[in-house]
There are 2 protein chains.
Amino acid sequence: MNQDKILQSLVAENLVSDLESARGRLLREAARLFREKGYERTTVRDLAAAVGIQSGSLFHHFRTKEEILKAVMVETIRLNTALMQAAMNSADSNREKLRALVSAELESINGQTGEAMAVLVFEWRSLSEASRAEVLELRDIYEALWLDVLTGLKEEGALVADPFIVRRMLTGALSWTVTWYRPERGGLTQNDLTDQVVAMLGLS
Amino acid sequence: MNQDKILQSLVAENLVSDLESARGRLLREAARLFREKGYERTTVRDLAAAVGIQSGSLFHHFRTKEEILKAVMVETIRLNTALMQAAMNSADSNREKLRALVSAELESINGQTGEAMAVLVFEWRSLSEASRAEVLELRDIYEALWLDVLTGLKEEGALVADPFIVRRMLTGALSWTVTWYRPERGGLTQNDLTDQVVAMLGLS
DNA sequence: TTACAAACCAAGCGCTTGCTTGGTATTGTC
DNA sequence: GACAATACCAAGCAAGCGCTTGGTTTGTAA
């Protein structure tokens, strides 16, 4: 199952907005602006201008500005969880699964959903307590994928360190790539980067 | 030269504010609030209340709110650069130096200056273009320390991966610890964590 | 054509924000 | 004890913020 198919099925289930719809376009622009300027520095007037409507008209689609931020985050997690699930299913051994996860997460961070992923990393403090809990719940599903594989590797003896710690180090290292990795310039492909990460863990 | 001595000499040179002074207390409270709520969500009234003065009185010490953020960042980098310098000087081999750097950075992130370091990681987008350039310049000095050691290890053959990439992965992994590592609860000491990081790089 | 909902506009309200102002204590110095 | 300089207060201004309101246009289906 390729990436487009996964996206389409999520759209069909109403778990992710169609990029062609008004809502989808708004969320994409919101992710771009939130990443570029930060959530607080982005005004509802900025958001409206980015999609060519009046600021008041935003509130026909979302009740509050924060709801827009939450939607960006929730839909991004949903999409990436599904993508990771699929990437893992096409791998057999735990080693291969880990490589698939690293590769998929790098793709999430540096590919199409990159801007939204950056928002997820940097803007969670702007969520209300309630929204934060909701997002964290979704993230737990996502994290469980990682821990299953890392725990498996630990049991096989392929991994020495604690799976929880390794995952946390990886979270930091991988999400930080968003601040420096530019695949378009410089010879380092996403595959090379995946290799380096796997090698760093002594699992190549 | 111990940590207190280093701090004292920086204070004497007017590169870092005395924690006892009004300015120093304000910067510490600012770091706490900026980390807790984010720079944008922290108002000058919050800041003033935290040190027990009126909001207008802040502007006797700083010309703008942004200047407070910049001061938090600049002083933190200055202090930590000096601490890292010292930690490195008391190590002989490049392996030991790397361990000293990792240990010192973990201490920066999770010790006294932890709140300010988190601000440095998460709030740089709230700086004006000019301030950002100023902060980046200071950071370059700091980063040069790391690259010297990592390049040395590469030349010795102890490191396979690219020093720049390793440093960037480490930056992400180490600064991310601020979001999860709680030395006070749980058996993992800062030394244990340093061990795990060094081991992860195959340099233990 | 009619009916109705969804999508949007124009205007602006009420509040909070960073910062200014004019004046008053407090402190250090000779 | 005079006298600055420093540190602060009380009050409030102008601008920008998220969001609301009442009304108009657009799309859809009978």
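Everything quoted here is computed from the prediction, not taken from an experiment. The chains referred to below are lettered A, B, ... by the order of the sequence lines, with proteins before strands, and numbering in each begins at 1.
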Worksheet, complete the sentence: The single option from B:Glu67, B:His60, B:His61, B:Glu66 that satisfies side chain to side chain donor-acceptor pair (under 3.5 Å) with B:Arg63 is B:Glu67

Practice prompt. Would you kindly give the CD-to-P distance between A:Gln54 and C:dA10, to the nearest whole Å?
Written response: 5 Å

Discussion item. Base of D:dG16, side chain of A:Arg45 - is there a donor-acceptor contact under 3.5 Å?
Written reply: no

Item to complete: Tell me, yes or no, whether the heavy-atom count around B:Tyr181 atom OH, taken from other residues, nucleotides or ligands under 6.0 Å, exceeds 12.
Response: yes

Discussion item. Do A:Val102 and A:Leu193 make a side-chain contact, defined as non-hydrogen atoms from C-beta onward lying under 4.5 Å apart?
Written reply: no

Fill in: Rounded distance (Å) that lies between atom P of C:dC13 and atom CZ of A:Phe59
17 Å

Fill in: Sugar-phosphate only, base, or nothing, as touched by A:Thr64 at under 4.0 Å among non-hydrogen atoms
sugar-phosphate

Worksheet item: Taking CG from A:Leu47 and C1' from D:dC19, how many angstroms apart are they, rounded to a whole number?
Response: 13 Å

Fill in: Interatomic spacing from CZ in A:Arg28 to CZ in A:Arg23 - rounded to 0.5 Å
14.5 Å

Fill in: Separation of C:dG18 P from A:Glu40 CD (nearest whole Å)
11 Å

Worksheet item: Can you check the A:Ile53 CD1 to D:dT26 C1' distance for me, whole Å?
Response: 15 Å

Worksheet item: Is B:Ser57 touching bases, backbone alone, or none of the nucleic acid, heavy atoms closer than 4.0 Å?
Response: base

Fill in: Distance, rounded to the nearest Å, where B:Arg41 contributes CZ and D:dG18 contributes P
11 Å

Item to complete: Check every atom of C:dC19, D:dC17, D:dC19 against the side chain of A:Ser55 and return the nucleotide holding the closest atom.
Response: D:dC19

Worksheet item: For B:Glu96, does the CD atom sit with more than 12 other heavy atoms under 6.0 Å from it, leaving out its own atoms?
Response: yes

Worksheet entry | Atom-to-atom span, CG of A:Leu58 to P of C:dA10 - whole angstrom | 14 Å

Discussion item. Can you see if the side chain of B:His60 gets near the phosphate of D:dA7 - specifically, an N or O under 4.0 Å from OP1 or OP2?
Written reply: yes

Worksheet entry | Nearest-angstrom distance from the residue atom NZ of A:Lys65 to P of C:dC15 | 19 Å

Practice prompt. Give B:Thr42 one of three labels, base, sugar-phosphate or nothing, depending on what nucleic acid heavy atoms sit under 4.0 Å from its own.
Written response: sugar-phosphate

